[in-house]
Amino acid sequence: MRNRLGIYFHVPFCKQACTYCDFHFSTQLNKVSELMEAIELELEWHIKTQDCQPLRSVYFGGGTPSVVDPKYLSGFVQTLDKSLGWSGDPEITMEVNPDDVNPTIIKEWKAIGVNRFSMGVQSFDDHVLRWMNRAHGAQEADRAIKSLQDAGLPNITMDIIYGHGMNNDLSWEADIEKFISYQTPHLSAYALTIEEKTALSHMAEKEKYIPMEDDQVVAQFLYLHQRLTEMGMDHYELSNYAFPGHQSQHNSSYWKGLPFWGVGPSAHGYDGHQRRKMNIANNALYVKGWLNGGEEAYEWEALSNIQMSNEFWMTGMRTAKGVNLEEWKNKFHLELPKNFDAIIEKWKSNQYLSLQENTLSCTPSGWMVMDAILSDLFLTETNY
Ligand code: SF4
């Protein structure tokens, strides 16, 4: 059976910069048209030169795809329609911000075939949203969610942020209850981290932002975990919860190591074997690169067997399924780290790790220390 393909489009525009965000985006909305034309060139290059398969998923991310005229996204989907075709019932996801959602534009998104919406809600507290420099308030999120539902598009996931110094446990619990009240099938919840060169990192340097204590961040995560799992949602990946049948098909393919194309500035792709494609994270150079044939707009990275194995661990341990040691061995033919048994015993005795039927996975508390677990498990040229 042929592989099926996923495509990620990075739409690198936002109305304004959120306090904490280090994604690649620009607020120069007057450059949308030239950038979208370059994305179309890159898409055509993929179709001409790469292994083409029917599409299982398309994901418009960013940035904020909902700030651009839907005609651009429609054009990309039409190109895909003509050249690749679709496999079964493909998932077409679009990230939207609440302030862009209205009944007219919803009709246009629906006509394109978008059938899953990822809404950047982040918080239901106006005070927190202002601090985050979000372009919307809580009421707009409420209106946007209900507008999509009223339009017969209930397949909505929300992004929500916890573990930040502007939240306390009561406001976090209120956010969770608000999310539950909408009866949407999926949630992505992220603990706030301070990324370099963001407004938040400057605030932290000047002590204008005091991060939440680690113990409280863990407690907020565990509360979320308990509340959502007791409602029947699966915690299927580190940051993701879904009711059965509503896991993100597109993101799951990253975690399963399936091939995907990454189109647009800063996007990454993977050929399904041992090569990763990385696009330049600069809009002007990306446009210039694609006007000149594309070679300056991306580079390939060949992955060693050890790098591939480490990626397998990293993506596998992020999922509830975990990593099956037999599967890993058959795939990579490598030896486990020399002190593997001691590593496992250490994390098991702390109740961060479980080993059942030859499969390692994180316990709920273990999710919060996964980076440390992985750094013990990663192979290097010398530890195996
Ligand atoms: S809207 Fe999203 S991508 Fe844009 S700055 Fe805010 S968090 Fe970052």
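From a predicted model like this one, the values you see are computed outputs, not experimental measurements. In each ligand, atom 1 is the first atom listed, and ligand 1 is the first ligand listed.
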Top protein contact for atom 2 (Fe) of ligand 1, by heavy-atom distance: R134 NH1, 4.0 Å

Looking only at the side chains, is there a donor atom on one of [X] and [Y] sitting less than 3.5 Å from an acceptor on the other?
{"X": "S309", "Y": "W328", "value": "yes"}
{"X": "H225", "Y": "Y241", "value": "yes"}
{"X": "N305", "Y": "Q307", "value": "no"}
{"X": "R143", "Y": "N102", "value": "no"}

Check contact between M132 and ligand 1, using heavy atoms of the residue and a distance below 4.0 angstrom. no

When rounded to the nearest 0.5 angstrom, what is the spacing between CZ in F117 and CD1 in I92?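 The distance works out to 10.0 Å.
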
Please test D100 against K15 for salt bridge (Lys or Arg N to Asp or Glu O under 4.0 Å), starting from the C-alpha separation and ending with a verdict. CA-CA 10 Å; D100 297 322; K15 284 182 186 159; 2.7 Å; yes

Result of checking Y254, W255, F332 against F312 for ring-ring contact (aromatic ring centres under 6.0 Å, His included):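 Passing option: F332.
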
Metal environment of atom 4 (Fe) of ligand 1, protein N/O/S under 2.8 Å: C14 SG

